[in-house]
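Read through the structure below, which is laid out as structure tokens, and then see the notes.
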Number of protein chains: 2
Amino acid sequence: MKKISTLILALIIFQVNAQQRNLAEKLGYGPNDKLLIIHADDIGLAHSENIATVAAMKNGVVNSTSIMMPSPWATEVAELVKDMPDIDLGVHITLTDEWFNYRWGPISSKSEVPGLVGKDGHFHFDCASVAKNASPEEVEKEIRAQIEAALALGLKPTHLDAHMGCVFYGRPEYVASYLRLAQEFDIPAMMVNELFEGVVLPNKGLFEGIDLEKVKIIDKVIIGSPEVYDGIGLASFYTESLQNLEPGVNVLLIHVAYDDEEMRAVTTRFDHWHSKWRQQDFDFFTSEKAKKLLEEQNIKLVTWREIGKL
Amino acid sequence: MKKISTLILALIIFQVNAQQRNLAEKLGYGPNDKLLIIHADDIGLAHSENIATVAAMKNGVVNSTSIMMPSPWATEVAELVKDMPDIDLGVHITLTDEWFNYRWGPISSKSEVPGLVGKDGHFHFDCASVAKNASPEEVEKEIRAQIEAALALGLKPTHLDAHMGCVFYGRPEYVASYLRLAQEFDIPAMMVNELFEGVVLPNKGLFEGIDLEKVKIIDKVIIGSPEVYDGIGLASFYTESLQNLEPGVNVLLIHVAYDDEEMRAVTTRFDHWHSKWRQQDFDFFTSEKAKKLLEEQNIKLVTWREIGKL
């Protein structure tokens with residue numbers, strides 16, 4: 001019996017993937033085209049993150065970003081991108097505030113999402129605490145509140161994704177809410193193969209009413225890691241990643257801010273993902289070297305806006 | 001009839017003031033002593049405000065501050081003052097967020113204090129909107145939440161005061177909540193004559209259960225104004241204020257931050273109370289000139305901590 005269900009599952013995966021894997025093709029590209037979204041997460045987090053991300057999009061090769069709506073600096077983003085009507089700007093669904101001295105919480109009423117609120121009255125610090133405490137209903141309420149807040153700010157989100165992956169790797173129900181709301185608001189939601197095959201397909205009952213064929217599956221997500229930062233360094237990692245990029249739709253996730261007084265304080269006591277890291281991301285993706293690499297490697301930048309039109 | 005009540009009111013005012021006016025005397029000073037609290041409002045507002053205020057207290061003549069608990073940077077304050085156990089640090093009851101691009105709201109659940117929340121889901125921008133929309137119950141709930149949040153952060157508030165005076169000049173019931181909670185938590189609440197005589201005494205029914213004799217009435221509050229900033233300038237105003245200080249307990253209210261990237265963004269589109277203003281406050285109250293003026297004028301610095309011990 002187990003063998004048969006595994007076989008059926010494998011067939012389903014094969015079938016869905018056969019439909020999904022042609023995202024590049026649907027975008028009008030061939031099977032050998034190397035497509036890339038250079039995506040700066042976390043705009044809205046802080047003033048430093050805001051101005052650096054916008055600068056990296058105007059002057060560098062960063063071509064997509066997503067906003068943390070619960071953060072106090074989200075409002076500034078709407079002003080900063082006023083003259084960028086075609087910008088790729090999604091909602092970075094945020095269920096945590098990982099920083100020690102810079103604290104904020106859900107957009108929803110705290111009493112309506114108590115599981116998302118820590119002892120200090122703000123978001124939990126990590127995804128594990130979210131998964132342990134927040135019910136699927138609370139998470140769905142907060143995802144909806146964040147999308148609606150972005151719309152209320154006059155933004156037209158080009159996509160959804162998730163901060164620290166808390167929506168992806170918490171409970172399967174969170175993923176269902178994420179896809180359900182993406183469908184309801186008609187906004188593409190970032191989805192990776194691993195998640196689709198590991199969480200969505202084995203829990204099909206949770207995803208009833210969601211047209212899974214329309215889910216946009218990214219072929220590969222590339223992101224620096226603490227090991228990379230401490231080892232070969234981010235610049236080398238990005239260089240190698242671009243040199244070895246595979247055909248299909250790739251998303252390179254980065255975090256862009258300045259290593260300034262504000263950002264050092266936001267990221268205090270962090271040895272990774274901190275202001276220095278974000279400054280290095282800024283430096284690399286506004287460098288001539290990055291531009292040249294994209295040309296040399298014949299990498300084509302694509303956007304969520306294009307994917308959303310499919 | 002009206003004349004008689006006016007007479008009675010005048011007698012009450014005289015009687016209470018006779019008891020109140022001796023705050024300086026209760027502190028052990030004579031009738032000619034010029035006493036002063038140099039109070040930096042708004043710590044917690046932003047990282048820039050935090051580090052500048054602490055620096056002005058460590059290196060300058062600023063000897064008291066009060067924290068905005070709803071602001072995302074409030075948590076950092078607890079860390080910054082860890083090595084200052086005797087610091088004068090009160091709770092700056094905050095019911096508004098006046099800044100355009102840096103938005104946050106109440107500590108209480110939004111659904112429990114809807115009158116404190118504007119259309120954008122954050123605090124209203126001004127006191128008039130608070131007075132129009134927020135019930136006394138909502139304001140009392142939020143004042144309590146802010147005091148409790150300060151205590152939860154490990155702070156031991158030396159006093160209460162109110163941001164932009166929204167608690168003072170909104171509805172008389174707000175003032176009653178402010179004094180009632182001050183009594184309940186045994187924290188002195190800043191009170192000025194004008195408010196005591198103009199709001200408290202004529203609405204005695206609202207203040208039942210509050211021992212008005214124990215309310216600490218400050219003789220004079222001195223604060224720069226937009227007219228001063230645009231006119232003679234803050235430094236001249238402070239110089240003259242110190243040169244002409246009258247005997248009694250005076251409070252000089254200032255706002256200390258750096259004119260840096262973060263603070264310029266927080267105060268964007270403000271021509272007053274902005275980063276430049278706050279830098280000037282920092283510069284003056286960390287100057288040798290300010291120290292000398294205090295000496296020359298024989299001005300004695302007093303604290304809320306001392307007042308609280310009465």
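Hydrogens, waters and symmetry mates are skipped; everything else that's a heavy atom, side chains included, is used. Below, chains carry the letters A, B, ... as their sequence lines are ordered, and counting in each starts from 1. Remember, it's a predicted structure, so these values are computed and weren't measured experimentally.
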Heavy-atom proximity to chain B below 4.5 Å, by part of A:V113: neither
Under 4.5 Å from a heavy atom of chain B, the part of A:Y258 involved: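 For A:Y258, neither part sits under 4.5 Å from chain B.
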Short side-chain donor-acceptor distance under 3.5 Å, B:S109 and A:S109: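 Looking only at side-chain atoms, B:S109 and A:S109 do not form any donor-acceptor pair under 3.5 Å.
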Neighbours of chain A found in residues 129-165 of chain B - heavy atoms under 4.5 Å: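 So far as heavy atoms go, nothing in residues 129-165 of chain B approaches chain A to under 4.5 Å.
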Please report the interatomic distance [atom1]([X]) to [atom2]([Y]), rounded to the nearest 0.5 Å.
X: A:N101; Y: B:N50; atom1: CG; atom2: CG; answer: 9.0 Å
X: B:E262; Y: A:D260; atom1: CD; atom2: CG; answer: 8.5 Å
X: A:F100; Y: B:E76; atom1: CZ; atom2: CD; answer: 13.5 Å
X: A:Y102; Y: B:T75; atom1: OH; atom2: OG1; answer: 11.5 Å
X: B:K110; Y: A:K110; atom1: NZ; atom2: NZ; answer: 9.0 Å

Inter- and intrachain pairs under side-chain hydrogen bond (donor to acceptor under 3.5 Å, both in side chains), touching residues 51-60 of chain A, at least two apart: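 Listed once each, the pairs are A:K58-A:D83.
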Partners passing side-chain hydrogen bond (donor to acceptor under 3.5 Å, both in side chains) against B:S287 (at least two apart in sequence or in another chain):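 Here no residue qualifies.
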For B:H47, the option from A:R264, A:E261, A:M263, A:H47 that meets side chain to side chain contact (heavy atoms under 4.5 Å, CB included):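 Going through the options one by one, the only one that passes is A:E261.
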Residue A:D230 excluded, over 12 heavy atoms near CG under 6.0 Å: yes
Toward chain A, the part of B:V266 with a non-hydrogen atom under 4.5 Å: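 Its backbone and side chain both get close to chain A.
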Partner set under ring pair (Phe, Tyr, Trp, His ring centres under 6.0 Å) for B:Y174, not counting sequence neighbours: none
